[in-house]
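Here is the structure we will look at.
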There are 2 protein chains.
Amino acid sequence: MEQGSKGQGKKEPLELLRSHNLRVTPQRLEILKQIQRTEDHPSATELHRRVRRKFPNISLDTVARTLEQFAKIGICRWVEGYDDVRRYDGMMERHHHFHCIRCKRILDVRPEALEEPPLPSLRDERFKVIDFRILLEGICKKCMEREQDP
Amino acid sequence: MEQGSKGQGKKEPLELLRSHNLRVTPQRLEILKQIQRTEDHPSATELHRRVRRKFPNISLDTVARTLEQFAKIGICRWVEGYDDVRRYDGMMERHHHFHCIRCKRILDVRPEALEEPPLPSLRDERFKVIDFRILLEGICKKCMEREQDP
DNA sequence: TGCCAGATAGGAGTAGATCCTATATACTGG
DNA sequence: CCAGTATATAGGATCTACTCCTATCTGGCA
Ligand SMILES: [Mn+2]
Ligand SMILES: [Mn+2]
Ligand SMILES: [Zn+2]
Ligand SMILES: [Zn+2]
C-alpha cells in the first residue's frame, strides 16, 4: 500500500519487541535488525556468525532461541529447504521462492513477478488449506554465467 | 497414461539399478523398495530404522549414501522441509505437497487435485525456471478432528 | 534505586550426517 | 564356473547444527 518511511507500515525494531512484551535487550535488537535486513535466508548458525561481529561472545543458543521466538510470534519465518539446516526469512510480505539447483541459494520472488494462480481450489478433503506458496526451481543468473564461460 | 502392471511404466527395482550401472546388492534393493513404497517422506535415519528390520546391522552410512546416490540419478528426490533433517520422496510422478502446521507431516497432492497455474511466466531475469511446485500449508484432517473434540 | 521475572553465556548433551578404512562381495571375462 | 578387481558395506570416528541446563546478569517496574 504505502511506500514511505520503513516500508509497508512496518514497526521499528524496538517498537516491535515492545508490542510483543519482549524485553528490549541489545542482543535481541541486533538479531532482529540482522534478520530483517538480510536478502538471503540464513540459518541460526550463520546469523550467529554475523551477530558476533557486534557481540563477540553472544551464544549460539541465544540466537537460535530468539529466532524461534520471533518465528512463533510472527516477526520472522521458517523457510523451506532441502538440506539439513533450518533457515529463517525476515521478509514478512507474502512472496515466493526460487531455489537454485546449482548453488543452493534461495532467492525471493515477489508475487507480482508471477502469474499467481487465484487460490488453490482444492478438490481434496484430506486437509484445510490456509495458505500456499510457489516453489520455483532452476538455475540462477550467476550460475548460468559461470557455466557459459569455458 | 497406462495403468497396468507396476504403474507408469516404472522399471522393476532390480532393472532400475542395473540400468544405472549400480551393483545389485540386497541392501540397495531393500532401500529402493522401501523408499518407493512409503507414503510419507522419511529422513535417512528414519528409513535406516525401517530397513534395519530386514538387515539388522546395515549402517546408517549405507542408507544415507544410497539415498543420495538415488537422488542424484533421479530414482528418488529430496523434499522441501522446515526442520533440520533432510527428507526423501520416492514418488517420482510430478506432484505437490501439503504441509500440516500442527503435526508437521508432509502429504502428497496430485496435480489433478489443484487448479494448477499454466506455467509460471516469470517476469524476472534473475534466473531460468526449470520446474515449479506448489507448497500448500494448513491443517490436516487428523489434526482438525483432534482439535474439535474437547 | 532495589527487586525479580525473564534473558544470557557457556558448557554439556543430542541427533543426524559424513568421513575413514578394513573387510566383503557383485560383476567381469577368462 | 571361477578368480581378480572395482565397488559396496559395516562400524567407528568425527563434524555440525541444534538443544538443554544452570549460574549469573539485567531490563522494566514500583
Ligand atoms: Mn524469502
Ligand atoms: Mn511427495
Ligand atoms: Zn545458483
Ligand atoms: Zn496434522
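Quick note on labels: first sequence line is chain A, next is B, and so on, each numbered from 1. Bear in mind that the values here come from a model prediction, so they are computed numbers and not experimental data.
Proximity of Arg28(A) to the phosphate of dA7(C): a side-chain N or O atom is located under 4.0 Å from OP1 or OP2. Residue Thr45(B) places at least one side-chain N or O closer than 4.0 Å to OP1 or OP2 of dA17(C).
If you find the closest nucleotide of DNA chain D to Thr66(B) and to Asp84(B), the one lying nearer the 5' end belongs to Thr66(B).
A side-chain donor-acceptor contact under 3.5 Å links Arg126(B) to the backbone of Asp108(A). For Arg86(B) (side chain) and Trp78(B) (main-chain N/O), no donor-acceptor pair under 3.5 Å exists by modelled atom type. In this structure a side-chain-to-backbone donor-acceptor pair under 3.5 Å is present from His48(A) to Ile58(A).
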Could I get a table of every N or O pair under 3.5 Å where one atom is in the protein and the other is in nucleotides 21-25 of chain C?
none

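With the end axes of the helix from dT1(C)-dA30(D) to dG30(C)-dC1(D) each set by five pairs, the angle from one to the other reads 30° at 10° resolution.
Ile58(B) comes within 4.0 angstrom of sugar-phosphate atoms only, judged by non-hydrogen atoms across all strands, and of no base. At a threshold of 4.0 angstrom between heavy atoms, the contacts of Glu68(B) are confined to the sugar-phosphate backbone, with no base atom among them.
The outermost nucleotides of DNA chain D lying under 4.0 Å from heavy atoms of chain A, listed 5' to 3', are dA17(D) to dG28(D).
Between His97(B) and His41(B), the two ring planes are perpendicular [angle over 60°; tilted spans 30° to 60°].
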